[in-house]
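Everything below concerns the one structure shown next.
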There are 2 protein chains.
Amino acid sequence: MTEINFKKRKSIQQIEESTDLAPKFDENGLIPVITTDNLSGEVLMQGYMNEESFKKTIKIGEAVYYSRSRKKLWHKGQTSGLVQIVKEMRIDDDQDCVWLRVDVKGGASCHVGYRSCFYRSIPFGLKENSDQKLEFKEKEKIFDPKKVYGDAPNPTKL
Amino acid sequence: MTEINFKKRKSIQQIEESTDLAPKFDENGLIPVITTDNLSGEVLMQGYMNEESFKKTIKIGEAVYYSRSRKKLWHKGQTSGLVQIVKEMRIDDDQDCVWLRVDVKGGASCHVGYRSCFYRSIPFGLKENSDQKLEFKEKEKIFDPKKVYGDAPNPTKL
């Protein structure tokens with residue numbers, strides 16, 4: 001397998017206009033990742049990669065994140081079976097954000113059991129006395145998290 | 001105009017399963033935002049909001065971010081005219097990420113001049129000796145950044 005080497009960031013011209021892959025990781029060594037369903041375009045989740053998971057994703061063509069709560073590589077689907085097959089991988093103008101277009105084995109990406117992590121909408125354009133409650137956009141869970149994850153700790157933090 | 005009050009984060013059940021809007025801002029007071037084209041589903045950009053820009057977006061129905069480089073509210077389109085009209089606003093399971101579905105006046109969202117900031121793809125599933133160069137997925141810019149932004153400093157940082 002080819003070793004993957006990132007290019008050194010030298011100029012705005014190089015970063016924005018060239019074909020050099022020169023990703024920028026933040027002060028914690030992470031880069032944000034947006035994951036969408038390849039067919040529907042729906043945003044499934046937002047996660048992070050460190051350098052190792054970024055390179056592993058490129059190598060194996062499946063989404064590998066870095067779990068901030070568990071502080072280790074997170075090859076999505078290894079516990080749940082909900083593997084994300086990468087169909088396209090893009091990077092943004094200043095190369096500090098990644099977009100993955102994926103097919104999901106099992107059809108769900110959210111640990112709560114929904115297809116997308118973004119299963120609720122926020123009302124906006126509020127008028128006087130309008131209700132501000134979130135609205136559920138997915139009515140039913142795809143899977144039962146207790147059956148899939150058992151007693152594993154919930155990643156959501158207060 | 002109704003004042004917008006976020007709920008206090010009390011339990012995982014409340015955050016994941018209820019209709020309470022209880023967003024989590026990070027140690028810098030920011031929440032990441034994914035912005036997609038309402039019709040095509042294409043990811044246009046990834047930005048950040050602070051509490052003030054989050055509330056302003058809800059109130060006016062246009063995307064208002066917080067610019068980390070300029071350290072101030074960034075009502076997208078005030079310089080370029082490329083205003084983003086919010087069609088739907090969603091929040092994720094643990095309420096630490098926002099997804100905006102928008103229509104863009106002028107059809108472009110990227111300061112480099114492209115429709116999407118994610119105008120290049122990363123080759124993946126590499127074989128021995130394969131080429132690792134980024135591939136341009138948008139062939140032509142929608143606008144000339146020099147004409148739109150003049151001598152304003154480029155937000156891309158090395």
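Throughout, protein chains are lettered first and strands after them, A, B, ... in sequence-line order, and every chain is numbered starting at 1.
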> Is there a donor in the side chain of Ser121(A) and an acceptor in the side chain of Glu88(B), or the other way round, less than 3.5 Å apart?
Replying inline: no
> So, the side chain of Arg120(A) versus the backbone of Ser18(B): is there a donor-acceptor pair under 3.5 Å, distance only?
Replying inline: yes
>> Please determine whether salt bridge (Lys or Arg N to Asp or Glu O under 4.0 Å) holds for the pair Glu17(B) and Lys141(A), giving the CA-CA distance in whole Å, both sets of side-chain angles, and the decisive distance to 0.1 Å.
In response: CA-CA 11 Å; Glu17(B) 309 274 5; Lys141(A) 296 188 181 184; 2.8 Å; yes
> Checking heavy atoms, do the side chain of Ser40(B), its backbone, both or neither come under 4.5 Å from chain A?
Replying inline: neither
>> Would you say NZ of Lys55(A) has more than 12 non-hydrogen atoms from neighbouring residues, nucleotides or ligands within 6.0 angstrom?
In response: yes
> Is chain A contacted by the side chain of Asn5(B), its backbone, both, or neither, given a heavy-atom distance below 4.5 Å?
Replying inline: backbone
> Does any heavy atom of chain A fall under 4.5 Å from the side chain of Lys157(B), the backbone, both, or neither of them?
Replying inline: both
>> Rounded to the nearest 0.5 Å, what separates atom OH in Tyr119(B) from atom CG in Asp93(A)?
In response: 5.0 Å
>> Counting heavy-atom pairs under 4.5 Å with chain A, which one of Lys137(B), Glu135(B), Lys7(B), Glu62(B) comes out on top?
In response: Lys137(B)
> In terms of heavy-atom proximity below 4.5 Å to chain A, should Glu42(B) be classed as side chain, backbone, both, or neither?
Replying inline: both
>> Apply side-chain contact (heavy atoms from CB on, under 4.5 Å) to residues Cys117(A) and Trp99(B) and explain how you reach the verdict.
In response: CA-CA 10 Å; Cys117(A) 294; Trp99(B) 170 20; over 6 Å; no
>> Quick check for you: among Ile34(B), Ile91(B), Leu21(B), Asp94(B), which has the greatest number of heavy-atom pairs under 4.5 Å with chain A?
In response: Ile91(B)
